[in-house]
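The chains referred to below are lettered A, B, ... by the order of the sequence lines, with proteins before strands, and numbering in each begins at 1.
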Amino acid sequence: MNTRRDFIRISTLAAGGVALGLTPLKFLSGSRSREELLDLPAGSSREIYRRIPSYCEVCFWKCASWVYTNSDNQILKVLGNEDDPLCNGRLCPRGTGGIGMYHDEDRLKTPLIRVQKNGKQEYREAGWDEALDLIASRMKEIKAKYGAESMALFNHGCSGPFFAHLLHAFGSENNAAPSFAQCRGARDVAYIHTYGTIPGSPEITDIRDCRCMVLIGSHLGENMHNTQVQELAEAIDQGITLITVDPRFSTVAGKSKYWLPIKPATDLALLLAWIHVIIEEELYDKDFVKLNTTGFDQLKSHVSSMTPEWAYGITTLEPALIRLTAREMARAAPASIVHPGRHVAWYGDDTQRSRAIAILNALLGNWGKRGGFYVPEKVAIPDFPCPDYPKPAWNFHDIHLQKYPLAEESITNALIEASIPSADNHHQIRGWIVSGTNMPEAIPDKQLFLKAVDSLEFIVVVDTMPMEITGYADVVLPECTYFERYDDIRNSAFREPSIALRMPAAEPKYESRAAWWITKQIGERLGLHDYFAYDHYEEVIDWQLKQVGTSLDEMKEKGVMRFSRNKDVYLEGEIKFNTPSGKIELYSAAFEAAGLDPLPVYTAHPEPPAGYYRLIYGRAPMHTFSRTANNQNLIDLMPENAVWVNPKVAGIEGLKNGDRVYLKNQDGIRSSFTVSVRVTERIRWDSVYMVHGFGHSKKELTKAYGRGASTTELITRVMVDPAMGGTGMRGNFVMFVREEEGKEVEI
Amino acid sequence: MKEELFLSGRMNPNIDPYLNIWHWQIPLYLFLGGLAAGILFFAALYTIRGKAHLMPATVKWATFLVPAALVLGLISLFLDLKHKPFFWQLYTTIRFESPMSWGAWVLMLVTPLSFIWSASYLRETVPSWKWRYRWLESFESWVIKNRPGLSWAMIVLAVILGIYTGILLSAFNARPLWNASILGPLFLVSGLSTGAAVIMWLSKDPAERKLMSKIDLMLIGIELFLIVHLFMGFLASTAVQIDAAGLFLGGQFTLGFWVFVVLLGIIVPGILEIMEIRGYHIPVAVPAILILYGGLLFRFIMVEAGQITRYLY
Amino acid sequence: MRYAMAIDVKKCVGCSDCVVACQVENNVHHGYCRDWVTETINGTYPQLETEIRSERCNHCDNAPCVRCCPTGASHIADGGIVLVTARKCIGCGACIQSCPYDARYSHPDGHVDKCTFCAHRVEAGQQPACVAVCPTSCMYFGDIDNPYSDISQIMKVRKWKVLAPEAGTRPQIFYLL
Ligand SMILES: Nc1nc2c(c(=O)[nH]1)N[C@H]1C(S)=C(S)[C@@H](COP(=O)(O)OP(=O)(O)OC[C@H]3O[C@@H](n4cnc5c(=O)[nH]c(N)nc54)[C@H](O)[C@@H]3O)O[C@H]1N2
Ligand SMILES: Nc1nc2c(c(=O)[nH]1)N[C@H]1C(S)=C(S)[C@@H](COP(=O)(O)OP(=O)(O)OC[C@H]3O[C@@H](n4cnc5c(=O)[nH]c(N)nc54)[C@H](O)[C@@H]3O)O[C@H]1N2
Ligand code: SF4
Ligand code: SF4
Ligand code: SF4
Ligand code: SF4
Ligand code: SF4
Ligand SMILES: [Mo]
């Protein structure tokens, strides 16, 4: 009893923050009992008994955490791990509310198998053995008929690596995540071809010590990537100058010295004008540019005519403001960053826009500088020994090499296209494994997706929730949540290398199982035992941890371990870049060779026709796409999205705050559900804004069903990036259909 | 355009967009309390002044309604409580700063007193009535003997009760509409007026009826004066109170208040009473019912409208 | 000793972590909350200003909710923390009516509930849950009678305001501007 008490005090102190050094208070003895303060339902205890290390899976940042349980092994709460350099003991709202995912009664409970019943497609519950046997036999069949390569994997999140391993061992490298073509792909390709490396995840932006930061759309504060937001707050304390470019007055625009309410789709013109001013007024870091870049002269003549006055006509931003902000960012250099952004799949020329950002950063000389871009480092954890993977006859590169010359990673939409039989296909995909990505909501162009689904021979979906994607599967497997399983050791590249352990804090609920177990079971059935030569994943983790000087037992106590660096965080003098020239390539020969503009060129994009408004979208701090939509803790914070409408537009369209409308896009696609109107000055009159991730149409999501509208279903026109296959999603235009009119249409 | 919104939270039921904590129970309770206070006040007043025998409706018949009104009032107060099993906590402490507390205590004292008072008139009114126990009979004769003394206690308690029904609301500074010191006297006067109306209605004696009618007219005059001052006070006050007054000056309660409470519930019965005094034949029930109805509606409107008004920050 | 909170509106991003952290820590029922986040936007596009505030009971020095409580259920505990004792509360709603900030609500069990300044954590020497979780670290909690506490220090160097000072409640949540 005594020791338990002591443990509670120490652990809660460590997690709860600064001790206040208070004289003990008397409330509990006198006025109000602890039970009352905690509002305890009879018979349950909120007394913390144990804390179990984990890291968060509500987004892909992977903040390390402690999961607190009581003596009945009920999960009470989850708090950040103080030792974690990524979260500093503070999770974001989604992380704090993540337990809603564990408690969700709508979770997938057992494996499901699609059957034909009375002429209708339905699912029936199945045991694990049956489901796994079926999957293995179908995979073998496909391999025998078409080769292992024709199985593809779509994944996102921590289950991905397990299924990727399974598929590699099986003989396929066709494995794609929406985090490339729908997210940061264009940015990464641009930086690889400029700096020879990527901005990373976490981004290597040294925001903490930055004095001026330009945000092109990146809506930090709503985009709740924890470390970035924490450092932004620190920088605000230090008086950072923020320049926010956004057609919407984002939260961070409200904290910015300059808000540039740019006309959407014209950012590249602004960036080129900034480059023009910085070169023209000789504000760039001359030593840095001379020492570390190539192609400056070409750049200079390229932008010579791209004056702020030129950009004004395109962006609607005053030339004086463009000059002023260019000077601000140059003055603070090198502690000055133009944020590379993350979700950059906007207009199809996103690689070029990202290149312009990369070039602008180079002129500021901020690479390797305090307050600029730091040099990340992570821990070298060896892979658990297993035989070499078989060499596939072809892989995703062969699918998209001709079309998308510079794609570094596999493109989801290209794999989807390759799943639809066509004469153009040199290689055909026949079966999918999908784990941790809700494809119909994450990847635009639903028609394409549906065609692929129709043509495929076999689809397995692994998920925690009955999301839209599960409705297309032949077999659905319930994964347990991140509170109930082991996953790979977190190993994030950051200023300070660190690792974090995730282990189960509770038994898996229902019949759900961890990805490591599922993949091993399938692997064994496929005769791939040597790739799964362990009984429990603990063995793998323990082995790996021992290679880096710790152990599973130690990590169970600590959760996080920090390591010291081998290299400096910042760089001086001449830097060796991993590009063909060894320099920052302002002018890209590789782009030229691939038939792309070697220096970014602004091209105009289609504009909304009369009566239509451009649909733009973003994040709300309390939700992550689909995955939180059914989480009661987070629904409490934000039950649905709204469509933001400028008061002028509201006047023209006769809309009032709170009206419910359907949205209909240029191709006649109408949102499945109504969305409420928010009349606000915070948005331009040529655009409307919605938070992405709402409007779920799966009835099994009892809490998320029908709340708000989905952005993805309105994105039917996709502007594909010729460099890397990214899906530009902001070229869709919507009009309002009043709730009453919408009903008539339905009849 | 100014936009003010909850980014998240504040989903607590009955708090937003405006408070909806008190429903019909509280205004009914206030009405019945005021009515009881009014009747007891007049009963005690004329007993003290030694005119009990001239005013049978005042000291006798009307007072039979009081215990019923108070019990009904207490029941509605009880129905309003959301943590009912803990009701008794009201009587474990006296908190002078809390109108709720001393209201509860006043009722605790006034209710038994009103029972005793009307019981002492039971045999007079119902000649066949017999007390079952001897000690009840002796208690009755003690009460009858000490009526003047009891009247003093009753008049004090009646005034406290009457003021309390107004102060209960005006103690809430957080609701700008209620935050007016004039509200206490206004509720007291309105309560007295409803009491007078009941007596008037029950009285068969023309002189008594006329006297109560005159008193009522005076009360109506004071009431109108206080109402005008209430709104003048609001309009000369802070933005939130100007907003609050706006609910009655063009806002959603304008019609309800000025037409149904002030005109039909105060002015019209006043005119009818004047006409009656001037010798026109008006059925007495008409002004009485109008006054009662006006008093009840007044409380409903004040409680409801008050919950709509709030501080803006 | 006087506990108080200071919240830096310059840093708050309205993420509402403070709201969910409170719900989880204090077992607040779904559909209820002890703290909430507001946003005010002034101006016309593109000249705009916003203020985002995390709000909760102000633990007023001159607390009308305590004064009007007929049973003493609402009371002031050590450090000026305003608390409600559930088993003394009759659910009359007087305190809800009396609070200019609408910080109280009727708990599904019937009694009134609100922010406790996480008295159970403060007693154990910890920060309130909302303060401890805030990703922007924009909340400061501590003893303002102690001139060396973080909160006293920050209030010395920053401008601040309280909400509805004209209500006369002397609120103890300060917004750093
Ligand atoms: N809370 C929360 N945080 C998240 C996520 C989440 O789901 N929830 N997801 C995470 C992930 S995976 C990613 S990739 C990141 C993405 O986060 P970001 O990279 O910040 O996303 P963006 O799409 O760049 O930002 C959306 C903003 O772009 C603005 N915008 C729209 N069109 C234009 C335009 O033409 N020009 C300019 N300059 N701005 C425009 C919108 O108004 C909006 O404010 O967020 C991460 N953080
Ligand atoms: N319209 C539009 N489309 C977008 C974006 C946008 O802003 N607007 N953003 C794009 C960006 S930046 C990204 S990164 C992608 C993100 O796209 P996705 O990664 O597909 O994001 P989610 O929609 O959250 O889907 C996650 C899926 O994983 C499931 N899941 C959650 N936890 C687990 C788990 O532990 N195990 C398993 N097996 N499954 C789990 C969820 O239930 C859900 O079905 O979307 C892209 N698509
Ligand atoms: S940023 Fe938030 S949601 Fe993402 S891992 Fe960290 S705590 Fe979880
Ligand atoms: S947690 Fe902090 S930043 Fe987020 S809304 Fe609350 S006070 Fe603001
Ligand atoms: S904010 Fe409201 S509930 Fe809190 S102490 Fe002040 S008056 Fe009472
Ligand atoms: S509801 Fe409870 S705490 Fe509030 S005033 Fe009434 S008894 Fe006191
Ligand atoms: S101090 Fe505690 S009870 Fe009050 S809002 Fe913060 S977390 Fe909730
Ligand atoms: Mo993303």
Side-chain angles (χ1 to χ4, degrees), chain A residues 9 12-13 16-28 30-32 34 36-41 46 76-77 79-80 89-93 96-97 99 221-222 224 226 229-230 232-233 236-237 249 251-252 254-255 259 261 621-622 632-634 636-638 646 680-684, chain C residues 1 8 10-11 13-17 19-21 23-31 33 41 43-46 48-52 75 77-79 81 83-87 107 109 113 116 118-127 129 131-138 141-143 149-150:
Chain A
R9 258 239 302 294
T12 47
L13 267 184
V18 192
L20 301 175
L22 310 166
T23 38
L25 298 180
K26 289 182 252 87
F27 346 81
L28 306 188
S31 49
R32 201 175 154 173
R34 192 186 178 83
E36 250 186 7
L37 284 168
L38 286 169
D39 185 27
L40 290 184
R46 288 188 68 81
L76 301 177
K77 61 181 173 188
L79 296 177
R90 292 160 188 262
L91 299 181
C92 88
T96 309
I99 51 167
E222 287 157 291
M224 209 55 212
N226 202 343
V229 174
Q230 293 195 12
L232 176 68
I236 289 174
D237 260 348
F249 190 68
T251 299
V252 70
K255 315 219 172 278
W259 172 40
M622 39 313 239
Q632 189 62 55
N633 289 90
L634 300 175
D636 273 353
L637 302 183
M638 182 184 176
N646 183 283
T680 177
E681 299 280 359
R682 289 178 60 183
I683 178 117
R684 285 174 64 97
Chain C
M1 186 169 55
D8 189 345
K10 266 188 166 164
K11 287 200 285 176
V13 293
C15 70
S16 310
D17 208 358
V19 180
V20 63
Q23 288 174 318
V24 173
E25 172 69 28
N26 295 304
N27 203 21
V28 179
H29 288 60
H30 288 305
C33 63
I41 300 124
T44 318
Y45 171 95
L48 298 174
E49 271 180 13
T50 53
E51 183 174 293
I52 302 175
H75 63 281
D78 283 10
I81 301 182
L83 294 178
V84 182
T85 306
R87 60 181 188 283
H107 187 280
D109 288 348
D113 199 16
T116 58
C118 283
H120 67 290
R121 288 174 61 95
V122 174
E123 188 217 24
Q126 298 173 302
Q127 299 276 0
V131 176
V133 84
C134 174
T136 66
S137 301
C138 74
F141 177 86
D143 177 7
S149 64
D150 282 359

Minimal non-hydrogen separation, [X] against [Y], with atom names:
X	Y	value
P135(C)	N226(A)	CB-OD1, 4.1 Å
K11(C)	I236(A)	CG-CG2, 4.0 Å
I683(A)	Y45(C)	O-CD1, 3.9 Å
R90(A)	A132(C)	CG-O, 3.3 Å
C15(C)	P93(A)	O-CG, 3.4 Å
L48(C)	F249(A)	O-CZ, 3.6 Å

Between [options], which residue shows the highest count of heavy-atom pairs closer than 4.5 Å to chain A?
options	result
S149(C), A129(C), S16(C), G31(C)	S16(C)
I52(C), V19(C), T136(C), T44(C)	T44(C)
V20(C), V24(C), D17(C), T50(C)	D17(C)

(request) Just jot down the side-chain hydrogen bond (donor to acceptor under 3.5 Å, both in side chains) partners of Q632(A), sequence neighbours excluded, or say none. (result) D636(A)
(request) List for me each residue that meets side-chain hydrogen bond (donor to acceptor under 3.5 Å, both in side chains) alongside N633(A), sequence neighbours excluded, and say none if there are none. (result)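 Listed in chain order: nothing, the list is empty.
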(request) Can you tell which part of E51(C) gets under 4.5 Å to a heavy atom of chain A, answering side chain, backbone, both or neither? (result)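 Contact with chain A is absent: no heavy atom of E51(C) under 4.5 Å.
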(message) Is C138(C) close to chain A through its backbone or its side chain, or both, or neither, when contacts mean heavy atoms under 4.5 Å?
(response)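 Nothing of C138(C), per the 4.5 Å heavy-atom cut-off to chain A.
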Less than 4.5 Å apart, side chain to side chain, heavy atoms only: is that true for [X] and [Y]?
X	Y	value
T96(A)	Q23(C)	no
D237(A)	D8(C)	yes
R682(A)	I41(C)	yes

(request) Return the option, out of Q230(A), M622(A), K255(A), with the maximum number of heavy-atom pairs under 4.5 Å with chain C. (result)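 So the answer, after comparing Q230(A), M622(A), K255(A), is K255(A).
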(message) At a 4.5 Å cut-off on heavy atoms, which part of L637(A) comes close to chain C: side chain, backbone, both, or neither?
(response) side chain
